[in-house]
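Nothing here was measured: the structure is a model prediction, and the numbers come from that model.
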Amino acid sequence: MSLPSCLTGGKERGDSNSWTLSFGGGPEPRLETAQVGNNSSLWTQALGRERGACSFKGLARRERGDLSAAASFQALQDPWDPDRPRLSAPAVEEPPGDACPGLQPCPGHPGPAAVRDAMHPLLLLYLLPCVSGLPFYNGFYYSKPNGWNLGNGHGEGVFNGVRLVVETPEETLFSYRGANVTLPCHYHYEPALLSPRPVRIKWWKLSENGAPEQDVLVAIGLRHRSFGDYRGRVCLRQDREREVSLQIGDLRPEDYGRYRCEVIDGLEDESGLVELELRGVVFPYQHPQGRYLLNFREAQRACEEQDAVVASFEQLFRAWEEGLDWCNAGWLQDASVQYPVTLARQPCGGLGLAPGVRSYGPRHRRLHRYDVFCFSAALKGQVYYLDHPEKLTLAEAKEACQEDGARIAKVGQLFAAWKFRGLDRCDAGWLADGSARYPVVHPRPNCGPLEPGVRSFGFPDPRSRRYGVYCYRPR
């Protein structure tokens, strides 16, 4: 196979499905190397050159830890010299995107082939994060001939006198665990365009509280792909023209946070933010053997065992605004240690400090030990006090719940039932971690303190027959 004259140093590797191309010709060749082939990686260090360069079109997808090239990739003839021959590498077809129940594509929206054809003579590549020397730009890398304006990437994207505008809600969205939620995102052009344009869509979750940024979904035409823990739970809603909303199913406590919707049209991209909060309750938790015995990893595990996650600072602050007062310091999601005080007092930091959330700052995740503040989202099931003719040991309590078609409740479930279901009971009962507690919504005589809350008897002897049991039945 002969190579176009603008490709120099091309060498066949003995595999008709794999080519290594070296680009030269001209005083300052900007495209140095590229590699295509079945299941091979796609590498590039610079793109294009002023005249006589080969242009490219195609796609390569980036997944976390996945360096495979995807979709058809081909070299086109020199746009300034159409008599030069064409070199085509074999197409690598990406498997269909994740199924999205209820997906309604925009009327007249082109398919992947039309998207690729519309991009000539541009090159749009998902950037492979392991390639050194390349900038990271929201997962995409763009090339342009001389004199093209890339835009500023902020505010409203402007190209050829047309503005690309992305609209997302300013208010925070609230939902609850196990629900389905739609994060709205729409785009339009000003002035309006007469015909639809192919665009690429990317949703990702922003980094916060020490958690890494997470890719959620990318879409090109009618094809889309989701990533990580979002696989099988997210899809792109396109019920209306130029709607690219993200639907998340079976919400989990860790799904709360800020999501970015990005729309890419050629060399222009615009984005908007959507903030999602899960309704839940923050509660302090300590090791069964006493105070300040959990390092950060153990604190994470302790919350998970109680059907909860480690609370963020924002969640703890909101709980403090609602009246949470606790004098023991606990881990938060960003590995800082803090505690909320609504009433200043001597044993809790002294009288000279104003009420607020007090901080010890970041602590060593392995060496330092504290309690933890957990966050439990709203329930999908039912928590109830099991009516039983006699008090039970811990083992008997677990067995009694099983005989009732349920299982013994966890601490996070009891707090959520108290907060969102109004569970109010003056009888102490066993929970799965071996503690004994009871929830009070309406304080009354002979039922503990005068404030609502979940009362605790700590971790009694599991052989003691002084308590009933709280059970949990999933829905």
Mind listing the closest non-hydrogen atom pair of Gly272 and Val166 along with its distance?
N-CG1, 3.9 Å
Could you tell me which non-hydrogen atom of Ala432 sits nearest to which non-hydrogen atom of Lys410, and how far apart they are?
CB-CG, 4.1 Å
Considering all heavy atoms of both residues, which atom of Tyr292 and which atom of Cys327 are nearest to each other, and what is their separation?
OH-O, 4.4 Å
Could you label the plane-to-plane angle of the Tyr370 and His368 rings as parallel, tilted or perpendicular, counting under 30° as parallel and over 60° as perpendicular?
perpendicular
Restricting to non-hydrogen atoms, name the atom on Gly178 and the atom on Asp250 that form the minimum distance, rounded to 0.1 Å.
CA-OD1, 3.7 Å
Hey, could you give me the CG/CD1 distance between Asp269 and Ile201, rounded to the nearest 0.5 Å?
11.0 Å
Examine distances only and state if a side-chain atom of Thr342 and a backbone atom of Asp325 form a donor-acceptor pair shorter than 3.5 Å.
no
In terms of side-chain heavy atoms, does Ser271 have a donor or acceptor partner in Arg260 at a distance below 3.5 Å?
yes
Checking Arg297 against Gln300: is there a side-chain donor and acceptor pair closer than 3.5 Å?
yes
Value rounded to 0.5 Å, distance of CD in Gln306 from OG in Ser376:
9.5 Å
Would you call Leu183 and Trp203 a side-chain contact if the rule is heavy atoms closer than 4.5 Å?
yes
Is there a side-chain contact between His287 and Arg369, using heavy atoms and a 4.5 Å cut-off?
no
Judged by atom type as modelled, is there a donor-acceptor pair below 3.5 Å linking the side chain of Gln413 to the main-chain atoms of Ala409?
no
Looking just at side-chain N and O atoms, do Trp204 and Glu213 make a donor-acceptor pair shorter than 3.5 Å?
yes
Where do Cys185 and Ser245 come nearest, in terms of heavy atoms and distance?
N-OG, 3.1 Å
Is Lys205 positioned over the aromatic face of Tyr256, cation under 6.0 angstrom from the ring centre and no more than 45 degrees off axis?
yes
is_close_aromatic(Trp326, Tyr339), centroid dist under 6.0 Å
no
Quick check: does any side chain N or O of Arg233 sit under 3.5 Å from a backbone N or O of Asp229, one acting as donor and the other as acceptor?
yes
Does the pair Arg225/Asp215 count as a salt bridge with the N-to-O cut at 4.0 Å?
no
Electrostatic pair Glu262-Arg200, nearest N-O below 4.0 angstrom
no
Which heavy atom in Gly232 sits nearest to a heavy atom in Ser226, and how many Å separate them?
N-OG, 3.8 Å
Sole residue of Val310, Val309, Leu294 in side-chain contact (heavy atoms from CB on, under 4.5 Å) with Cys303
Val310
Does any N or O in the side chain of Ser359 come within less than 3.5 Å of the main-chain N or O of Gly361, such that one atom is a donor and the other an acceptor?
yes
Could you tell me whether Arg197 and Asp265 have a side-chain N and a carboxylate O separated by less than 4.0 Å?
yes
Would a distance-only check, ignoring hydrogens and angles, find a side-chain to backbone donor-acceptor pair under 3.5 Å from Arg421 to Leu379?
yes
What I want to find out is whether Glu322 reaches Lys419 closely enough, with some N-O distance under 4.0 Å, to be called a salt bridge.
yes
Hey, what do you get for CZ (Phe375) to CG (Leu316), rounding to the nearest 0.5 Å?
11.5 Å
With rounding to the nearest 0.5 Å, note down the distance linking CG in Leu332 to CZ in Phe296.
9.0 Å
Before accepting this row, confirm whether a basic side-chain N of the pair Arg163/Glu270 lies closer than 4.0 Å to the acidic partner's carboxylate O.
no
